[in-house]
Q: 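Here you go, one structure.
Numbered from 1 within each chain, the chains take letters A, B, ... in sequence-line order.
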Amino acid sequence: MKIYMDGNDTVLTHVEDFNLKETLECGQCFNFVRKDISTDNSFCYRIIAHGNALIVEQDNRSKEDGCILRLYNTDIHEYETIWEHYFDLYTDYKTIKESIIKGSGELQDIIKENSGIRLLNQEYFETLISFIISQNKQIPQIKAVVKNISQMAGKVIKDNGEEVYSFPDALELAKLSEENIRECKAGFRAPYIMDAVRLYLDGSIKEDEFIGISTDDARKLLMTVKGVGEKVANCVLLYSLGRREAFPVDVWMKRIMEHLYFKKDTDKKVIEEYAYEKYGEYAGYAQQYLFIYGKNNLMK
DNA sequence: ACCCAGGGTTGCA
DNA sequence: TGCAACCATGGG
């Protein structure tokens, strides 16, 4: 990978195993919009993360040498402090993909076709609230609630001539009433969000509490929040706390794993443990490919 | 007028 | 421990 500045933009070339569309639209992230300047040859998105807004474009014309990414109005410092980590760009996906294919040949085609999916490293508090919102909702609705909450409690960010809003931190969110949160269309999840904010601010689930504890203990700690069960906790672990062995099992992952391996109705906890035995530290990555597999083969 | 959405809690056996 | 009703809201 090569990095240089072009005017106000940071440009990355020879980026391997990276696809912006696959990465954003696989259900791990809700704080982005596709920009209408996307074309057949390039995809352009605005992502809001870590208090910043980023317009990023992937040019798909140069596949042999890896892709080209343009981060608009972004200097190298911002790239290195925020986006390199966010996009998981220092992780070698070749090894990961080879390891998964070795144990699961049936995923080979899917991994080759979607070889650019990356696991993002998102902000912990935002991820926690977002996946509390996600329960029993579809992705467009989740995105709408995230946007509503940001507009109500976040900070204004001026980005390329437009005004957008950051996802509020815990102190900003704490200023809202449960009724305010309901107005954002959070529905019955509003008290769950209140509970998460309360526990975050009293320190019991802040980031530091997760340092040096096992993933099982981390999962249990997250599940002390009302409205956080196994699935939501695993999403938070996987997408924001760097626990790449976490394996969220939702209704679809249950169907997919039953279809591929169990051939019968199987408890979600059993599926999660099987995935950890089969994929180990790469279980979370495998989950992304499995989901695409299911989307292509089982969902209609 | 239904039914379901990448769930979780509560209540009741 | 297991199961199913219920939870707001929007879209098919």
Q: Give every pair of a protein N or O atom and an N or O atom of nucleotides 8-10 of chain C that lie under 3.5 Å apart, one pair per line with the distance.
A:
unit_1: C/dA8; atom_1: O4'; unit_2: A/Phe188; atom_2: N; d: 3.3
unit_1: C/dA8; atom_1: N6; unit_2: A/Asn136; atom_2: OD1; d: 3.3
unit_1: C/dA8; atom_1: N1; unit_2: A/Asn136; atom_2: OD1; d: 3.2

Q: For A/Tyr285, run the ring-ring contact (aromatic ring centres under 6.0 Å, His included) check against A/Tyr93, A/Tyr279, A/Tyr239 and tell me which one passes.
A: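 By the ring-ring contact (aromatic ring centres under 6.0 Å, His included) criterion, A/Tyr285 pairs with just one of A/Tyr93, A/Tyr279, A/Tyr239: A/Tyr93.
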Q: Linking directly or through intermediates, with side-chain heavy atoms under 4.5 Å: list the remaining ILVMFWY members grouped with A/Tyr276, chain and number order.
A: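 Besides A/Tyr276, the cluster holds no residue at all.
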Q: How is A/Val249 classified with respect to the nucleic acid when contacts are heavy atoms under 4.0 Å: base, sugar-phosphate, or nothing?
A: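 Here A/Val249 touches no strand at all.
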Q: Could you go step by step and tell me if A/Glu57 and A/Lys35 meet the salt bridge (charged side-chain N to carboxylate O under 4.0 Å, His left out) rule?
A: CA-CA 9 Å; A/Glu57 183 174 24; A/Lys35 300 297 287 178; over 6 Å; no
Q: Side-chain donor-acceptor pair under 3.5 Å between A/Asp202 and A/Ser204, yes or no?
A: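 Side chains of A/Asp202 and A/Ser204: pair found under 3.5 Å.
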Q: Quick check on the hydrophobic clustering: are A/Tyr79 and A/Ile48 connected, directly or via other members, by side-chain heavy-atom contacts under 4.5 Å?
A: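 No: no chain of side-chain contacts under 4.5 Å links A/Tyr79 to A/Ile48.
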Q: Please identify each residue that fulfils ring pair (Phe, Tyr, Trp, His ring centres under 6.0 Å) with A/Tyr293, with sequence neighbours left out.
A: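 For A/Tyr293, no residue satisfies ring pair (Phe, Tyr, Trp, His ring centres under 6.0 Å) once neighbours in sequence are set aside.
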Q: Are A/Glu16 and A/Lys94 within salt-bridge range, i.e. N to O under 4.0 Å?
A: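 Looking at A/Glu16 and A/Lys94, the cut-off is met.
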Q: Select from A/Val225 and A/Cys235 the residue whose nearest nucleotide in DNA chain B is closer to the 5' end of that strand.
A: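 Whichever sits nearer the 5' end wins; that is A/Cys235.
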Q: With P as the reference atom in both, quote the distance from B/dC4 to C/dA4 in angstrom, rounded to an integer.
A: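 So the two P atoms sit 14 Å from each other.
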Q: At 4.0 Å (heavy atoms only), tell me whether A/Gly229 reaches a base, stays on the sugar-phosphate, or touches nothing.
A: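 A/Gly229: backbone/sugar contact only, no base atoms under 4.0 Å.
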Q: Would you please classify the geometry between the A/Tyr124 ring and the A/Tyr200 ring as parallel, tilted or perpendicular, with 30° and 60° separating the classes?
A: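 Plane angle between 30° and 60°, so tilted.
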Q: Between A/Thr23 and A/Arg118, is any side-chain donor less than 3.5 angstrom from a side-chain acceptor?
A: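 The answer is no; no qualifying pair exists.
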Q: What interatomic distance, in whole Å, is found between P of B/dC2 and the corresponding atom of C/dA5?
A: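 C/dA5 and B/dC2 have their P atoms separated by 16 Å.
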Q: Hey, does A/Tyr192 reach any base, or is it just sugar-phosphate, or nothing, if we go heavy atoms under 4.0 Å?
A: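 A/Tyr192: backbone/sugar contact only, no base atoms under 4.0 Å.
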Q: For DNA chain B, which ranges pair as stems of 3 or more consecutive Watson-Crick or G-U pairs, with both donor-acceptor distances under 3.5 Å?
A: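 Stems found: B:2-5 with C:9-12, B:7-13 with C:1-7.
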Q: Please give the distance between the C1' atoms of B/dG6 and C/dT1 as a whole number of Å.
A: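 Result for the C1' pair: 26 Å, nearest Å.
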Q: Going 5' to 3' along DNA chain B, which are the first and last nucleotides with any atom under 4.0 Å from a heavy atom of chain A?
A: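 So the outermost contacting nucleotides come out as B/dA5 to B/dT10.
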Q: Name the nucleic acid region contacted by A/Gln287, choosing base, sugar-phosphate or nothing; use a 4.0 angstrom heavy-atom cut-off, strictly under.
A: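 Here A/Gln287 touches the bases of the nucleic acid.
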Q: Considering only the C1' atoms, how many Å lie between C/dG10 and B/dT9, rounded to the nearest integer?
A: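 Roughly 22 Å separates the two C1' atoms.
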Q: Consider only side-chain N and O atoms of A/Asn234 and A/Glu272, and report whether a donor and an acceptor are under 3.5 Å apart.
A: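 On atom types as modelled, these side chains qualify, holding a pair under 3.5 Å.
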Q: Under the salt bridge (charged side-chain N to carboxylate O under 4.0 Å, His left out) rule, collect the residues that match up with A/Glu258, sequence neighbours excluded.
A: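 With sequence neighbours excluded, A/Glu258 shows a salt bridge (charged side-chain N to carboxylate O under 4.0 Å, His left out) to A/Lys254, given in chain and number order.
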Q: For A/Cys26, report the nucleic acid contact type (base, sugar-phosphate, nothing); a contact means any heavy atom under 4.0 Å.
A: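 Base contact - A/Cys26 has a heavy atom under 4.0 Å of at least one base atom.
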